[in-house]
Amino acid sequence: MNLRAHLQHILTEALTSLGLEAKNIAILPTKDSSLGDFSTSVAMTLAGQAKKSPLKIAEEIKAVLTLDATMVSSVTVTPPGFINFIQSDSYSQSVLNSVITNRSAFGQDFQGKGKRANVEYVSANPTGPLTVGHGRQAILGDTISNILDWHGFDVTREYYFNDAGRQMRVLGESVEARYFEHLGKPFDFPEEGYQGSYIKEIAKIIIDEHGKGLHSGSIEFREFAEKFIFEDIKSSLKSIGIKHDVFSNEKSFYESGAIEKVVKELREKNLVYEKDDATWLRTTEFGKEKDRVLIKSSGEPTYRLPDIAYHCDKLDRGFDLAVDIFGADHMDTYPDVLSAVEALGHDITPFKVLIHQFVTLLKNGEKVKMSTRKGDFVTLKELTESFGSDVVRYFFIMRGMNSHLNFDLDLAQDQSEKNPVFYLQYAHARICNIINRCKAEELSVNPDADFTLLMEGPEKELIRKLDQFQHTMEAALESLEPQIVLNYLQDLAGNFHKFYAEYRVITDDKNLSEARLGLIESVKIVLASGMGILGISSPARM
RNA sequence: GCCCCGGUAGCUCAGCUGGAUAGAGCAACAGCCUUCUAAGCUGUGGGCCACAGGUUCAAGUCCUGUCCGGGGUACCA
């Protein structure tokens, strides 16, 4: 059993026996290990309720704790009322034994076993290459999927796209214009058309593959462009190790009649009405300031309508958890969609919506305003080609999704050489190297080595850190913030590098060498697990 | 105007459900490779955690207000 869970248990018992409220007992690893391994502030929290000084309560709690000596070696009380726990040697022993025995399964709690999760991410319409901004979402989504997967969820990675709307029509018109431009014929470039150079390339390829005889309004333009761009998107994602399981197409909801059904049901609930030749959704009923258009006067629906049908469909498919990952531009739109889904009688609690802030690109110290339509952007592919998948993935995870991300293209090249991702990978590679050396010395990993020989500060720190892996992963599941995993690994690697600088694994003392080998093997296992979750490779040599 | 996110070291950012002395990388400076990989380690300097109130035994963290930056507020997605 995990020490933290054990402490939770005995503290609950102790508080109950004292007639105190045993709720929200915060047990945290101490920052300063000289104070102990874990501490709780529960005595101070309860001081008001019990009308006693925190120190007195702490002492009382300490007196009635039923300690398991195989886990806790001592308990101290320090002002202003912390209760500190020092873990026993046998517990430390069991941590390393557990890592080495369970290997990649170490730390897994299988909270999601038997549950199905859906993660929708990227979902960019095929109107142009994926940009750096999409990259952030792609990597967030993929990593969150990995976290769910780690916890035992059956995860469906989904990409939803819209190929029936206005954007795709304009795409077709843009390609058509470039087609006739290439052929030296008169053309009309749409006012809101896509201006990127890739449109011209597509037009050229159409000439090569379909000849010069296409007429204005031909469906080929749009269809070819969509197919071509989608291939590019998929290959961009592949280059950073991302593959979706399901591509959901808006069109299918028209074909299945789901869209009509949504409108009909919303109308029956009086949530839809006609005005100015358009069909409106009564979002004011959901607390919004204004109602929103559902179907334009042109007859084209806005994205809201298919989105509602799509979200109903996700629920119908029986997911226990459905994570939507959107950019900040969706901030205002998803509540309407979810409210409508709820109004249609669905339970929307499976939905968890994550909003990430934008990526700002800096070039020559100035902001680059990115627009797919204007063709002014840096693609994810360019980024990956310059820096490699590991660096790109790390870069996008290292910042919380709520932070605006500044990406300085000039600095990126310099920094890529000193990128913190190498710090992690280097720790792993160093360990692999030592393990190889150990083999030559005929030292092998033994889960029952005498780990009580690991008495030095950095060694104890490593064991403490390894013990926190499970809790870290629980926190990552709770918050769906991949960054938590990354911060943990960074700390673990840091602890290892400190240990490495000061101590040698291969020594004259065979028992000590064996114990240290077990320690670094454990670090390697957890590093590899964590890096796997982040989608970052863990090289054996660098 | 209204809604959402942010404001922490010179720069980019961490800071777990409020906890003990606020951290990392980069940048600057000074050390450490005859010994398992120096993509590393050690040390120095650098902070009114935007500002003002409030809650609490305890606030970078929670509440209110102000200021600054970003996003949204479309019959675009």
Side-chain angles (χ1 to χ4, degrees), chain A residues 24 26 28-32 35 39-41 44-45 47-48 53-54 78-82 84 123-125 127 162 165-167 170 192 276-280 288-290 292-298 300-304 307 327-333 335 355-358 360 372-373 398-408 411 414-415 417-423 425-427 429-438 440-441 468 471-472 474-476 478-479 481 483-484 486-488 490-491 493-494 496-507 513 516 520 541-542:
Chain A
N24 303 324
L28 295 170
T30 55
K31 276 182 194 150
D32 179 355
L35 293 165
S39 75
T40 178
S41 58
M44 290 176 283
T45 317
S53 83
T78 51
F82 290 101
N84 311 301
S123 295
N125 287 337
T127 58
N162 166 324
R166 179 187 149 278
Q167 283 190 349
V170 174
E192 295 280 292
D276 304 332
D277 293 330
T279 304
W280 294 71
K288 282 296 179 78
E289 280 181 14
K290 287 186 270 187
R292 295 295 157 84
V293 170
L294 209 52
I295 302 172
K296 299 181 233 174
S297 51
S298 66
E300 261 178 346
T302 65
Y303 62 91
R304 269 171 234 267
D307 264 22
D329 52 343
H330 279 66
M331 192 66 91
D332 196 55
T333 73
I355 303 283
H356 67 89
Q357 299 299 314
F358 284 136
T360 307
T372 300
R373 194 178 60 74
M398 69 194 285
R399 264 88 228 230
M401 68 180 95
N402 284 334
S403 295
H404 294 100
L405 189 50
N406 285 308
F407 197 112
D408 190 322
L411 275 178
D414 302 339
Q415 295 206 340
E417 316 229 326
K418 318 157 188 158
N419 194 292
V421 69
F422 299 130
Y423 188 80
Q425 295 181 321
Y426 190 49
R430 269 181 154 176
I431 293 172
C432 290
N433 187 57
I434 302 172
I435 290 172
N436 283 334
R437 297 278 180 149
C438 286
E441 302 284 329
Q468 287 165 22
H471 186 261
T472 301
E474 283 168 12
E478 180 74 20
S479 65
E481 284 268 14
Q483 193 194 5
I484 291 177
L486 187 143
N487 287 340
Y488 169 83
Q490 197 69 29
D491 281 353
F496 169 74
H497 285 307
K498 285 184 177 74
F499 162 78
Y500 178 90
E502 207 173 340
Y503 303 97
R504 294 180 57 81
V505 172
I506 301 167
T507 66
S513 300
R516 286 188 174 159
I520 64 165
R541 57 190 330 161
M542 286 175 73

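Just so it is clear: chains get the letters A, B, ... in the order the sequence lines come, proteins before strands, and each one is counted from 1.
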| message | For B/G40, is there a stacking contact with A/Y423, counting only centres under 5.5 Å and planes under 30°? | response | no
| query | Among B/A20, B/G15, B/C36, which is the nearest nucleotide to the side chain of A/Q483? | reply | B/G15
| said: Taking the P atom in each of B/A39 and B/A22, what is the distance between them to the nearest angstrom? | reply: 33 Å
| message | Tell me the closest heavy-atom pair linking A/P80 and A/M44, and the distance in Å. | response | CG-SD, 3.6 Å
| query | Can a cation-pi geometry be assigned to A/R430 and A/Y500, taking NZ or CZ under 6.0 Å from the six-membered ring centre and within 45° of the ring axis? | reply | yes
| query | Reckon A/D491 touches a base, only the sugar-phosphate, or nothing at all at heavy-atom distances under 4.0 Å? | reply | nothing
| To the nearest Å, how far apart are A/R516 CZ and B/C36 P? | 15 Å
| task | May I ask you to verify if any side-chain N or O of A/Y500 is less than 4.0 angstrom from the OP1 or OP2 atom of B/A39? | result | no
| remark: Closest non-hydrogen atoms of A/I484 and A/A475, given as atom of the first, atom of the second and distance, are CD1-O, 3.9 Å
| query | How many Å lie between OH on A/Y503 and C1' on B/U42, as a whole number? | reply | 13 Å
| Euclidean distance, atom CG of residue A/L405 to atom P of B/G71 [Å, nearest integer] | 14 Å
| query | A/S297 and A/D276: side-chain donor and acceptor closer than 3.5 Å? | reply | no
| field | P atoms of B/C41 and B/G60, separation to the nearest Å | value | 29 Å
Protein-nucleotides 72-77 of chain B N/O pairs under 3.5 Å:
residue, atom, partner, partner atom, Å
B/A74, OP2, A/K290, NZ, 2.3
B/C75, O2, A/S297, N, 2.7
B/C75, O2, A/S297, OG, 2.8
B/C75, N3, A/S297, OG, 3.2
B/C75, N4, A/D276, O, 3.1
B/C76, OP2, A/K296, NZ, 2.6
B/C76, O2', A/R166, NH1, 2.7
B/A77, OP2, A/Y303, N, 3.2
B/A77, O4', A/Q167, NE2, 3.0
B/A77, O3', A/N125, ND2, 3.2
B/A77, N1, A/D329, O, 3.4

| Under 4.0 Å between a side-chain N/O of A/S403 and OP1 or OP2 of B/A14, yes or no? | yes
| query | Among the nucleotides B/C41, B/U21, B/A20, which one has an atom lying closest to any side-chain atom of A/D32? | reply | B/U21
| note | Between A/I355 and A/A328, the two heavy atoms sitting closest are CG2-CA, 3.7 Å
| task | To the nearest Å, give me how far apart CG (A/N402) and C1' (B/G7) are. | result | 13 Å
| message | For a quick check of understanding: with a heavy-atom distance under 4.0 Å over all strands, which category does A/R504 fall into, base, sugar-phosphate or nothing? | response | base
Check nucleotides 27-32 of chain B for protein N or O atoms closer than 3.5 Å to its own N or O atoms and list the pairs.
residue, atom, partner, partner atom, Å
B/A27, OP1, A/K418, NZ, 3.1

| Out of B/G19, B/C36, B/C16, whichever nucleotide has its closest atom nearest the side chain of A/F82 | B/G19
| field | Separation of the C1' atoms in B/C75 and B/A14, to the nearest angstrom | value | 44 Å
| Euclidean distance, atom CZ of residue A/R430 to atom P of B/G40 [Å, nearest integer] | 8 Å
| Got a sec, which residues hit salt bridge (charged side-chain N to carboxylate O under 4.0 Å, His left out) with A/K288, two or more places apart in sequence or on another chain? | A/D332, A/D336
| said: Using modelled atom types and a 3.5 Å cut-off, is there a donor and acceptor pairing between side-chain atoms of A/S41 and backbone atoms of A/F82? | reply: no
| task | Check the pair A/R166 / A/E192 against side-chain contact (heavy atoms from CB on, under 4.5 Å), numbers first and verdict last. | result | CA-CA 10 Å; A/R166 179 187 149 278; A/E192 295 280 292; 3.8 Å; yes
| When you measure from the side chain of A/A501, which nucleotide among B/G15, B/A20, B/C41 comes out closest? | B/C41
| query | Whole-Å distance between B/A20 P and A/L28 CG? | reply | 9 Å
| said: Taking only the C1' atom of each, what is the distance from B/U73 to B/G10 in whole angstrom? | reply: 37 Å
Check: protein-nucleotides 57-63 of chain B nitrogen or oxygen pairs below 3.5 Å:
residue, atom, partner, partner atom, Å
B/C57, N4, A/M44, O, 3.4

| query | Looking across every strand, which nucleic acid part, if any, lies under 4.0 Å from A/H404 by heavy atom: base, sugar-phosphate, or nothing? | reply | base
| said: Over all strands shown, is A/I506 touching base, sugar-phosphate only, or nothing at heavy-atom distances under 4.0 angstrom? | reply: base
| field | Atom C1', compared across B/C4 and B/G19: separation rounded to whole Å | value | 30 Å
| request: Using the P atom on both, measure B/G18 against B/A59 and round to a whole Å. | output: 13 Å
| request: Any chance you could lay out the side-chain contact (heavy atoms from CB on, under 4.5 Å) test for A/R437 and A/I506, step after step, and finish with the verdict? | output: CA-CA 8 Å; A/R437 297 278 180 149; A/I506 301 167; 3.6 Å; yes
| message | For A/S403 versus A/Q357, what's the shortest heavy-atom pair and its separation? | response | O-CB, 3.6 Å
| task | Would you write the dot-bracket representation of RNA chain B, where each base gets (, ), [, ], | or . depending on whether it forms a Watson-Crick or G-U pair under 3.5 Å and with which partner? | result | (((((((..((((.....[...)))).(((((.......))))).....(((((..]....))))))))))))....
| field | Of A/I434 and A/T30, the one whose closest RNA chain B nucleotide lies more 5' | value | A/T30
| task | Decide side-chain contact (heavy atoms from CB on, under 4.5 Å) for A/R516 and A/I434; before the verdict, give the C-alpha distance in whole Å, the side-chain angles of both, and the deciding distance to 0.1 Å. | result | CA-CA 11 Å; A/R516 286 188 174 159; A/I434 302 172; over 6 Å; no
| message | Under 4.0 Å, counting only non-hydrogen atoms across every strand here, what does A/T472 touch: a base, just sugar-phosphate, or nothing? | response | nothing
| said: Does atom CD (A/E300) have a neighbourhood of more than 12 heavy atoms from anything else shown, all under 6.0 Å? | reply: yes
| said: Rounded to whole Å, how long is the line connecting atom CD1 of A/I355 with atom C1' of B/G71? | reply: 11 Å
| query | Taking the side chain from A/S39 and the backbone from A/T30, do they hold a donor-acceptor pair closer than 3.5 Å? | reply | no
| field | Contact summary for A/N84 and A/L35, nearest pair of heavy atoms | value | CB-O, 3.1 Å
| said: I want to verify the glycosidic state of B/C11; is it syn or anti under the 90° rule? | reply: anti
| task | Measure up the A/F496 and A/F499 rings against each other and bin them: parallel (under 30°), tilted (30 to 60°), perpendicular (over 60°). | result | tilted
| message | For A/T333, give me all partners under side chain to side chain contact (heavy atoms under 4.5 Å, CB included), at least two apart in sequence or on another chain. | response | A/Y303, A/R304, A/H330
| Pairwise P distance for B/G71 and B/C13, with rounding to whole Å | 15 Å
| query | So, A/N125 side chain and A/N162 main chain: donor-acceptor pair closer than 3.5 Å or not? | reply | yes
| query | How close or far is atom P of B/G70 from atom CE of A/M401, stated in whole angstroms? | reply | 23 Å
| query | Reckon A/F496 touches a base, only the sugar-phosphate, or nothing at all at heavy-atom distances under 4.0 Å? | reply | nothing
| query | Across the strands shown, which category fits A/G494 at heavy-atom distances under 4.0 angstrom: base, sugar-phosphate, nothing? | reply | nothing
| request: Remember a base hit wins even if backbone is also touched, and classify A/D307 as base, sugar-phosphate or nothing at under 4.0 Å, heavy atoms. | output: nothing
